Number of protein chains: 2
Amino acid sequence: MPGYDPSAFPPFAVTVDLVVFTVRDKHLQVLLIRRGVAPDQGRWALPGGFVLVDEDLREAAVRELAEETGLTLRDVHLEQLATYGAPKRDPRMRVVSVAWLVLAPDLPSPTAGTDAADASWRPVDDVLEDARLAFDHATIIRDGLGRARSKLEYSSLAASFCPVEFTVAELREVYETVWGIRLDPRNFHRKVTGSPGFLAETGETTTRGGGRPAMLYRAQDAVLNPPILRT
Amino acid sequence: MPGYDPSAFPPFAVTVDLVVFTVRDKHLQVLLIRRGVAPDQGRWALPGGFVLVDEDLREAAVRELAEETGLTLRDVHLEQLATYGAPKRDPRMRVVSVAWLVLAPDLPSPTAGTDAADASWRPVDDVLEDARLAFDHATIIRDGLGRARSKLEYSSLAASFCPVEFTVAELREVYETVWGIRLDPRNFHRKVTGSPGFLAETGETTTRGGGRPAMLYRAQDAVLNPPILRT
DNA sequence: GCAAAAGTGTTACCCTTACACCCATGT
DNA sequence: ACATGGGTGTAAGGGTAACACTTTTGC
């Protein structure tokens, strides 16, 4: 492989696709956009777009996130998921797409004020059942779901689904929703409040949710060694 | 974003880079190739190359693996690592590289009979210290090392570093080398032989390594739920 | 007072850990 | 016989899981 010859390699288009998850109404939901043009016109697709000439991949993801949802890095967790580049995944041309996983809190109308008028939250389970998704986006969402589920186990990422200040019960609901299981509220409480580096007390309480006032916490670090209980 | 206009998006070159790890001489080693041309001439680099027009990304990784090392999917574990596309990572042009993690057994002369004459195994620790690596390949290797270390914990991937038939002690040496720790041979033995779906007995034994003959095993499934012990 | 949710105490159980001990080979 | 590594037994300790119980609010 001697020095590069511009005509020696095929040109690709490079895009970013965003798998934006949130927990809303006791369901894990993913942000989708209805395609207005062919191919796959009328189908749901992941938000995303082309990477610009002088733009890093993460920059492109952040930009598209802001353009299509109004969300910023202060609001969400963002990490690279995987890259998809099957030759015919887009029938028009050779497109390689770098997919990003975004975990967002259930903000009020996160898609308002954007140009993506046809964006909406859809329950992940439903979406993967019908699977009338554009391109290979069903696969990408499936991969994102797997990543999200496994990462909750050994990180404190669940807090990314919560507002800045949240209660232990709200955090527990995230785990229960994403994993589709029930957790013992008492053991869960002990577990997360006893994990150093996970939660930081705010000193304030709230009675949203009813019952005895609950302590409000903020997320603290990032990774924690022993996994969160699952039974 | 109306229909695609071929002149509306910038063209990229897309490559694959391979982070091939093996355990050799009690050290985790990575396969590197000395660059013969500018830029970064004379520096060590990861094996890799351009993705072809009608080729899937994984196909490209498999092809490059065979071309540069002679290894095939029957020999190794291969999984996508991450994608790197900083605008100036290659000074000549805009290159997006999809990196793949390869875990290979310590085969006899795996680079023989290939066109990559300057390929050689280098201890990962040394490589990341000097860091006279081409492009952003130090970052890629670091990411690959992190992935390999964490994946050993909750998968049976360690067996990918072993020959087809291996002893429990050989498997243990993989963990000890990759994690840089010592494991209790007796507890380790109980742990792995007691994990259903991890090891399959061959019925044969070997005395390589000395002492009492050791049972030979083959790798069985892929994932196992409880993590391997680390103390 | 009563319902509802927050949070604490307690105990059985299991898995890990540490290490004593026996087994089967080569020399 | 003895060294070397393979493999089993066993008991202490720590974390999990299940659940009784107390606390603090709203209605």
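Computed from a predicted structure; not experimentally measured. Throughout, a chain's letter reflects where its sequence line sits, starting with A, and its residues are numbered from 1.
With a 4.5 Å cut-off on side-chain heavy atoms, L46(A) and I33(A) do not count as touching. Counting only heavy atoms from C-beta outward, the side chains of V98(B) and D17(B) never approach each other to under 4.5 Å. No side-chain heavy atom of H189(A) sits under 4.5 Å from any side-chain heavy atom of D184(A). Counting heavy atoms from C-beta on, the side chains of R43(B) and L32(B) never come closer than 4.5 Å. In this structure the side chain of T83(B) reaches within 4.5 angstrom of the side chain of V96(B), judged on heavy atoms. Considering only heavy atoms from C-beta on, F21(B) comes within 4.5 Å of F161(B) through its side chain. Using a 4.5 Å heavy-atom threshold, the side chains of V19(B) and W100(B) count as separate. Contact check for L28(A) versus L145(A): side-chain heavy atoms found under the 4.5 Å cut-off.
Atom CG of D184(A) is separated from atom P of dG15(D) by 18 Å (rounded to the nearest Å). Atom CZ of F188(B) is separated from atom P of dC15(C) by 18 Å (rounded to the nearest Å). Distance CZ (R182(B)) to P (dT17(C)): 16 Å, rounded to an integer number of Å. Regarding L183(A), its CG atom lies at a distance of 13 Å from the C1' atom of dT16(D), rounded to whole Å. L171(A) has its CG atom 15 Å from the C1' atom of dA6(C), to the nearest Å. Rounded to whole Å, the distance from CZ on R208(B) to C1' on dG6(D) is 14 Å. When rounded to the nearest whole Å, the span between NZ of K191(B) and P of dA18(C) equals 14 Å. For the pair E153(A) CD and dT16(D) C1', the computed distance is 14 Å after rounding to whole Å.
Both tests pass for R122(B) against the ring of W44(B): distance under 6.0 Å to the centre and angle within 45° of the axis.
Interatomic distance, T202(A) OG1 to Y217(A) OH, rounded to the nearest 0.5 Å: 8.5 Å.
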Legend entry - Summary of protein contacts for nucleotides 8-13 of chain D, nucleotide by nucleotide, where a base hit scores B, a sugar-phosphate-only hit scores S (4.0 Å, heavy atoms): BBB---

Legend entry - Base versus backbone protein contacts along nucleotides 22-27 of chain D [heavy-atom cut-off under 4.0 Å; B, S, -]: -BBB--

Legend entry - Pairing string, 5' to 3', for DNA chain C - Watson-Crick or wobble contacts under 3.5 Å, brackets [ ] where pairs cross, | to another strand: |||||||||||||||||||||||||||

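Less than 6.0 angstrom separates the ring centroid of F188(B) from the ring centroid of Y175(B).
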